[in-house]
There are 2 protein chains.
Amino acid sequence: MGRRSGILEFAVLGLLRESPMHGYELRKRLNTSLGVFRAFSYGSLYPCLKTLVQRGWLAEEPGDEPEDSLAAPLAGRRAKIVYRLTAEGKERFEELLSQTGPDTWEDEGFGVRFAFFGQTSRDVRMRVLEGRRSRLEERLAKMRTALARTRERLDDYTLELQRHGMESVEREVRWLNELIESERAGRDQNRGETPPDPSDDTA
Amino acid sequence: MGRRSGILEFAVLGLLRESPMHGYELRKRLNTSLGVFRAFSYGSLYPCLKTLVQRGWLAEEPGDEPEDSLAAPLAGRRAKIVYRLTAEGKERFEELLSQTGPDTWEDEGFGVRFAFFGQTSRDVRMRVLEGRRSRLEERLAKMRTALARTRERLDDYTLELQRHGMESVEREVRWLNELIESERAGRDQNRGETPPDPSDDTA
DNA sequence: GTTTTCATGTAACCCGTTACATGATTCA
DNA sequence: TGAATCATGTAACGGGTTACATGAAAAC
């Protein structure tokens with residue numbers, strides 16, 4: 001049925017990477033723990049889970065039926081379904097994480113990637129941060145040329161809106177610069193799989 | 001057919017309020033002049049125009065056929081169709097403009113409203129700005145409580161993401177404060193477009 | 001024992017995009 | 001005369017939402 005390649009898939013894979021969960025809890029975490037995301041609805045979440053299972057990224061697990069087997073075990077039991085990330089799902093998530101192309105859902109995609117930085121190696125983090133920065137810089141360039149072409153014809157309000165928009169983007173670029181800097185500096189206190197390679201100071 | 005109540009309708013009405021246009025030009029202005037908007041495609045624009053005509057917000061005008069009537073005037077002519085905002089369309093736009101409820105497409109809706117401030121009366125501007133501000137403050141409050149509830153369980157990256165997000169919102173609130181302040185101050189001095197609709201009205 | 005909350009789902013819709021198709025006008 | 005660009009449109013899809021329906025477990 002569904003192609004199901006949206007940002008929801010990405011977020012679900014990322015959350016399930018931390019630990020298995022059933023749908024209901026998954027949704028709560030989508031809307032709170034990862035407070036950055038917009039609220040997803042069950043109407044999108046459950047179908048998404050199904051197609052992810054079909055593709056082999058997720059596996060359903062029987063979930064904790066309340067430990068007594070009173071009801072006939074083959075009756076129409078619809079207990080909690082706990083979803084677990086398969087090895088293929090892990091690969092898929094990794095692939096999505098490190099994608100830096102322009103087909104990256106821009107803002108939201110970065111939010112998701114960043115939210116999962118804790119489970120990521122330093123070079124992936126660097127690639128994501130730098131990718132984001134360069135795309136923001138492209139955007140800035142476009143805004144500037146567009147502004148230069150139309151400046152005269154725009155009223156003060158539109159101008160102010162553009163100015164504020166550009167300033168916001170510039171601000172995020174500075175933020176990224178700080179993050180990149182601190183990733184570079186923090187090469188010793190890292191977690192796990194960063195190869196000790198003291199030779200990359202050149203930008 | 002289509003209900004067609006999205007942000008595209010809003011932007012189209014606003015642009016056509018300035019002057020009649022045909023679809024192709026409309027689209028260009030959607031993507032450049034109002035540089036804030038995302039790029040709309042013809043696939044959404046033309047159907048939108050049609051339904052707006054059906055509803056009476058827009059009227060088609062014969063458009064400038066190239067001034068010679070060489071081709072038989074009743075042949076399958078598909079010349080430029082120039083769209084003009086009707087009186088009802090103007091009302092509709094006004095209504096959309098001054099809507100400050102929470103069903104306001106949040107970010108993009110504000111962008112559109114702001115982009116048309118030049119054609120707006122000061123009290124509408126004030127309402128839009130203050131509405132935006134209060135909704136941002138609600139959002140901030142939610143973020144703060146959510147953060148307070150989950151702070152311990154979050155890793156440093158997630159925390160930093162939330163911090164940056166909140167700072168961005170706070171920054172926009174300050175920006176709004178300045179704008180509101182300057183709207184308030186500019187009631188007598190300043191360029192004289194303060195009173196509502198000095199030139200045209202009542203089509 | 002009733003109300004809340006947990007938990008899973010489905011059908012219909014919404015607002016947009018992509019890819020495609022067509023024809024008129026301008027310009028080298 | 002042929003290519004670019006102007007100009008209008010359609011069909012299929014995409015990734016989500018809303019509203020609805022159901023039922024089990026927990027809380028009161």
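Chain A is the first sequence line, chain B the second, and so forth, proteins listed ahead of strands; every chain is numbered from 1.
In this structure, A:E172 does not pair ionically with A:R139, as no charged nitrogen and carboxylate oxygen lie closer than 4.0 Å. Between B:E25 and B:K28 there is no salt bridge, since none of the side-chain N atoms of the basic residue sits less than 4.0 Å from a carboxylate O of the acidic one. Between A:E95 and A:R92 there is a salt bridge, since a side-chain N of the basic residue sits under 4.0 Å from a carboxylate O of the acidic one. One finds a salt bridge joining A:R184 and A:E130 here, because a Lys/Arg side-chain nitrogen approaches an Asp/Glu carboxylate oxygen to under 4.0 Å. Using a 4.0 Å cut-off between charged side-chain N and carboxylate O, B:R144 and B:E170 make a salt bridge.
Of the candidate nucleotides D:dT17, C:dT18, C:dA7, C:dT18 has the atom lying nearest to any side-chain atom of B:S41. Counting only heavy atoms from C-beta on, B:H22 has its side chain closest to D:dA7 among C:dT10, C:dG16, D:dA7. Nearest to the side chain of A:L8, among D:dG16, C:dT17, C:dT10, sits D:dG16. Nearest to the side-chain atoms of A:I81 among the listed nucleotides D:dG9, D:dG16, C:dG9 stands C:dG9. Proximity note for A:K50 (side chain, C-beta onward) versus D:dT10, C:dG9, D:dT17: the nearest is C:dG9.
For A:Y24 and C:dT5, the OH to C1' distance is 6 Å, given to the nearest whole Å. Distance A:W105 CH2 to C:dT17 P: 18 Å, rounded to the nearest Å. A:E25 places its CD atom 11 Å from the P atom of C:dC6, with the value rounded to the nearest Å. Following rounding to the nearest Å, B:R27 (CZ) and D:dC6 (C1') show an atom-to-atom distance of 12 Å. Rounding to whole angstrom units, NZ of residue B:K80 and C1' of D:dG9 are separated by 17 Å. Taking atom OH of residue B:Y42 and atom C1' of nucleotide D:dA11, one finds them 19 Å apart after rounding to whole Å. Note: OH (B:Y83) to C1' (D:dA7) measures 11 Å, nearest angstrom. Rounded to an integer number of Å, the gap from B:E60 CD to D:dA7 P is 16 Å.
Annotation: of the two residues near DNA chain D, A:L45 and B:G23, the 5′-most nearest-nucleotide partner is B:G23.
One finds no side-chain N or O of A:S44 lying less than 4.0 angstrom from the OP1 or OP2 phosphate oxygen of D:dG16.
If you check every strand for non-hydrogen atoms under 4.0 Å, A:G6 touches sugar and phosphate atoms only. Contacts of B:F10 with the nucleic acid, taken as non-hydrogen atoms under 4.0 Å apart, are absent.
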